[in-house]
Structure formats: structure tokens, C-alpha cells
Enquirer: 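Got a structure for you, questions after.
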Amino acid sequence: MPAEPWLLMYHSVSDCTEDPYRITVTPDRLRRQLHWLANRGLRGVGVAELLRERAAGRGARLVGLTFDDGYTDFTENAVPLLREAGFTATVFVLPGRLGGDNAWDPLGPRKPLLDETGIRAASRAGMEIGSHGMLHVSLPAADETSLLQETAGSRAALQEITGRPVEGYCYAYGDLDARAVEAVRAAGYDYACAIDPGALTGPYALPRIHIGAQDNALRLSVKRLLHPVRRRAMPAARAAAPVAGARR
């Protein structure tokens, strides 16, 4: 079994052509990417399932699929394709912005976010619901009150909405430091997803790889081959300060 789980990071799934942050894949591209995984004997699952299966020694052919921000196009476009492929995924949502939009992105375009009904629909479809914080803020920059609200508060809110335990957290913007990691652990989460967390890598700072509209079969093959090398080569010094990934 690979030493590091392979976690793929998605955001929006739509035919929108305005994409300044490169966070959008079309439904057709997602379908092709899921088929690429299936054709290689890999199965996409949510992160909690992936970690449980790996702990039991059964996760060698599993890939973690994550969708950040909780856009409405997750239920509209991604979920049908995931179910078609026999896959599941984790969607990290924002209970403080229910039915709102991605106001944190100054360049837009504005994309609607899931409300309570949409979150419950995703959960009923077999998708894992995780927290992306309450309002999509950088935890290293948050004061103590905001830090508690973003971690413990968002978890409580999502458990109230879904009626289920919320096991996973995802750092907004990929920003984290030791204080943020401890706050997530103390809030009761079982794991947290990051982007490139350096020396903080562990159950509460799982590295992920961005998947975008340009990732065809060749690029996916290269990313898969380079994944273990990239993880080993990541300098520990990168975790000395908060990590800014793709500004998401």
C-alpha cells in the first residue's frame, strides 16, 4: 500500500468559462477523470472511508475525492457522475454561508453555495459532509473567538443539519499553522485536509493535489507517478509559516 494516501482536490463542476482561480472542471472533464480512475482499478471515496480502510489494510486501490466550498453544482453535476461511476466523495461546506456565494473571491464569478437542503441531499446520496469552516477564513489569522467558531462551531452546525457526526475539516485557502491544527484536533475532528502542509503533515494536515480542467489522462498519470516523490521531497521548512496554497 502506498505510504501516503492520494487525495484529489476539486472545487466547482460546471460549464462556466470564467475561471480566474482555475477551480472549475466541466462535467465532461470530471466524467473522463473518474473513468480514468476506474479503468486503472481505482475507486474514489470520501476521506473518512479512505482512512478507515487504510487503517484496516484494505485501502491500496482507493483514492480520496474532495470538493471544497460546497457549491450547488456539487449536487447538480458532480453527484450524478460520482454515483454513475460507483464512487463517493467528501464535500467540505460552509454552514455560515448557507445559500450564499463565494464572496471571499474578489475576482468572481459568483457561484451559489449549498443550503441546508442541498447539504442533506448530498449526505443522503452517500457523500461525506465535512467542514470548510464557518465563513471561509484563514485560521492562522483568526483570533481565538473566530478560531473556535470556525472549527468547533462549524462542526456543531453541520451535525445539527445532517444528524450525523462530522469527521473531517478542510483549511480554507490551505492556510494552517500549529495553532490551527491543534484547534481542529480539539474540536473533535478525526482528520483535516490541507494542500502542502510540509512538516505539519499528518492526520490533521493531509496533503492533497489540485485537479483542474487541464488534467487529461496524461497529466493524471504524471501526477499519480510523482505523488510519492513529491511528498518525500517536500522540505520540512515549508511548515515554519502558514501555508498559502491556491488561494481558495
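Numbering starts at 1 and runs along the sequence shown.
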Enquirer: Taking atom CD of Glu49 and atom CZ of Arg54, what is their separation to the nearest 0.5 Å?
Expert: 13.0 Å
Enquirer: May I ask you to test the Pro140-Arg179 pair for a side-chain heavy-atom distance under 4.5 Å?
Expert: no
Enquirer: Which value, rounded to the nearest 0.5 Å, describes the distance between Leu220 atom CG and Gln33 atom CD?
Expert: 5.5 Å
Enquirer: Is the backbone N or O of Ile195 less than 3.5 Å from a side-chain atom of Arg208, with the two atoms forming a donor-acceptor pair by type?
Expert: no
Enquirer: What's the shortest heavy-atom distance between Gly212 and Val25, and which atoms?
Expert: C-CG1, 3.4 Å
Enquirer: Please check this pair: side chain of Ser146 against backbone of Ala142, looking for a donor-acceptor N/O pair closer than 3.5 Å.
Expert: no
Enquirer: Please check this pair: side chain of Thr75 against backbone of Gly118, looking for a donor-acceptor N/O pair closer than 3.5 Å.
Expert: no
Enquirer: To check you understand the geometry: which heavy-atom pair defines the closest contact between Thr88 and Gly46, and what is its length?
Expert: OG1-N, 3.3 Å
Enquirer: Restricting to non-hydrogen atoms, name the atom on Phe92 and the atom on Cys193 that form the minimum distance, rounded to 0.1 Å.
Expert: CZ-SG, 3.9 Å
Enquirer: Please tell me if the side chains of Met134 and Leu94 come closer than 4.5 Å, counting only heavy atoms from C-beta onward.
Expert: no
Enquirer: Not counting sequence neighbours, which residues clear salt bridge (charged side-chain N to carboxylate O under 4.0 Å, His left out) with Arg224? List them please.
Expert: none
Enquirer: Under a single-linkage definition using a 4.5 Å side-chain heavy-atom cutoff for Ile, Leu, Val, Met, Phe, Trp and Tyr, are Tyr171 and Leu7 assigned to the same hydrophobic cluster?
Expert: no
Enquirer: Any Lys/Arg nitrogen of Asp215 or Lys223 sitting under 4.0 Å from an Asp/Glu carboxylate oxygen of the other?
Expert: yes
Enquirer: Please report the C-alpha distance between Val222 and Leu225 in whole Å, then the side-chain angles of each, then the deciding distance to 0.1 Å, and finally whether the side-chain contact (heavy atoms from CB on, under 4.5 Å) criterion is met.
Expert: CA-CA 5 Å; Val222 171; Leu225 287 172; 5.7 Å; no
Enquirer: Can you check whether His132 reaches Asp68 side chain to side chain, under 4.5 Å on heavy atoms?
Expert: yes
Enquirer: Following the transitive rule for hydrophobic clusters with a side-chain heavy-atom cut-off under 4.5 Å over Ile, Leu, Val, Met, Phe, Trp and Tyr, establish whether Leu37 and Tyr10 coincide in one cluster.
Expert: yes
Enquirer: Give a yes or no answer on whether the side chain of Asn216 reaches the backbone of Arg219 with a donor-acceptor pair at less than 3.5 Å.
Expert: yes
Enquirer: Is the count of non-hydrogen atoms from other residues, nucleotides or ligands lying under 6.0 Å from Arg32 atom CZ greater than 12?
Expert: no
Enquirer: Could you list the cluster mates of Leu148? Members are the ILVMFWY residues connected by side-chain heavy atoms closer than 4.5 Å, either directly or through other members.
Expert: none
Enquirer: Between Lys111 and Thr24, is a side-chain contact (heavy atoms from CB on, under 4.5 Å) present by the stated rule, with each step listed?
Expert: CA-CA 11 Å; Lys111 292 174 176 280; Thr24 305; 3.4 Å; yes
Enquirer: Measure the spacing between CD of Glu84 and CZ of Arg31 and express it to the nearest 0.5 Å.
Expert: 5.0 Å
Enquirer: If you count the non-hydrogen atoms of other residues, nucleotides and ligands that lie under 6.0 Å from CD in Glu76, is the total more than 12?
Expert: yes
Enquirer: Hey, is the main chain of Thr151 close enough, under 3.5 Å, to the side chain of Ser154 for a donor-acceptor pair?
Expert: yes
Enquirer: Mind checking side-chain contact (heavy atoms from CB on, under 4.5 Å) for Glu18 and listing every partner two or more places apart, or none if nothing turns up?
Expert: Cys16, Pro20, Pro109
Enquirer: Are Val166 and Val184 connected into the same hydrophobic cluster when the rule is that any two of I, L, V, M, F, W, Y join if their side-chain heavy atoms are below 4.5 Å apart?
Expert: yes
Enquirer: Using only atom types and a distance under 3.5 Å, with no angle test, would you say the side chain of Glu4 pairs donor to acceptor with the backbone of His227?
Expert: no
Enquirer: Salt bridge (Lys or Arg N to Asp or Glu O under 4.0 Å), that's the test. Do Glu182 and Arg185 meet it? Break it down for me.
Expert: CA-CA 5 Å; Glu182 174 56 25; Arg185 185 202 64 77; 2.5 Å; yes
Enquirer: Does a side-chain heavy-atom distance below 4.5 Å link Thr201 with Leu206?
Expert: no
Enquirer: Is it the case that one hydrophobic cluster holds both Leu8 and Leu50, taking links as side-chain heavy atoms less than 4.5 Å apart, direct or via other members?
Expert: no
Enquirer: Stepwise, does the side chain to side chain donor-acceptor pair (under 3.5 Å) test hold for Asp73 with Tyr71?
Expert: CA-CA 5 Å; Asp73 59 42; Tyr71 298 108; over 6 Å; no
Enquirer: Measuring from Leu65:CG to Thr90:OG1, what's the distance to the nearest 0.5 Å?
Expert: 8.5 Å
Enquirer: Any heavy-atom pair between the side chains of Tyr204 and Pro197 that's under 4.5 Å?
Expert: no
Enquirer: Any idea which heavy atoms bring Arg97 and Ala103 closest together, and the distance?
Expert: NH1-CB, 3.9 Å
Enquirer: Considering all heavy atoms of both residues, which atom of Arg164 and which atom of Ser123 are nearest to each other, and what is their separation?
Expert: NH1-OG, 3.1 Å
Enquirer: For Asp105, is there any backbone N or O sitting under 3.5 Å from a side-chain donor or acceptor partner on Asn102?
Expert: no
Enquirer: May I have the step-by-step check of side chain to side chain donor-acceptor pair (under 3.5 Å) for Arg120 and Thr162, ending in yes or no?
Expert: CA-CA 6 Å; Arg120 293 191 187 103; Thr162 64; over 6 Å; no
Enquirer: Does Arg61 CZ have over 12 foreign heavy atoms under 6.0 Å away?
Expert: yes
Enquirer: How long is the straight-line distance from CE of Met9 back to CD1 of Ile23, given to the nearest 0.5 Å?
Expert: 10.0 Å
Enquirer: In sequence, state the C-alpha distance, the side-chain angles, and the governing distance for Ser221 and Trp36, and then conclude on side-chain contact (heavy atoms from CB on, under 4.5 Å).
Expert: CA-CA 9 Å; Ser221 297; Trp36 182 91; 3.4 Å; yes
Enquirer: Counting C-beta onward and ignoring hydrogens, is there a side-chain heavy-atom pair between Phe74 and Val13 closer than 4.5 Å?
Expert: no
Enquirer: Evaluate the side-chain proximity of Leu98 to Ile119: yes if any heavy-atom separation is below 4.5 Å, no if none is.
Expert: yes
Enquirer: Tell me whether Arg40 at atom CZ has more than 12 heavy atoms from other residues, nucleotides or ligands lying less than 6.0 Å away.
Expert: yes
Enquirer: Look only at the side chain of Glu150 and the backbone of Leu135, and say whether a donor-acceptor pair between them is shorter than 3.5 Å.
Expert: yes
Enquirer: Where do Leu139 and Asp175 land on the side-chain contact (heavy atoms from CB on, under 4.5 Å) test, with the steps shown first?
Expert: CA-CA 7 Å; Leu139 293 192; Asp175 288 354; over 6 Å; no
Enquirer: Taking the six-membered ring for Trp, is the centroid-to-centroid distance between His136 and Tyr173 below 6.0 Å?
Expert: yes
Enquirer: Do you know which two heavy atoms are closest between Leu34 and Leu81, and how far apart they sit?
Expert: CD1-O, 3.7 Å
Enquirer: Which distance, rounded to the nearest 0.5 Å, do you find between the CG of Asn77 and the CG of Leu30?
Expert: 9.0 Å
Enquirer: Can you find a pair of side-chain heavy atoms, one from Arg155 and one from Tyr169, that are under 4.5 Å apart?
Expert: no
Enquirer: Kindly say whether Asp101 contributes a backbone atom to a donor-acceptor pair with the side chain of Arg110 at under 3.5 angstrom?
Expert: no
Enquirer: Is it the case that the side chain of His11 and the backbone of Arg22 share a donor-acceptor pair, with hydrogens and angles ignored and the cut-off at 3.5 Å?
Expert: no
Enquirer: Applying the 4.5 Å side-chain criterion to the ILVMFWY set and letting contacts propagate, would Leu42 and Leu51 be lumped into a single cluster?
Expert: no
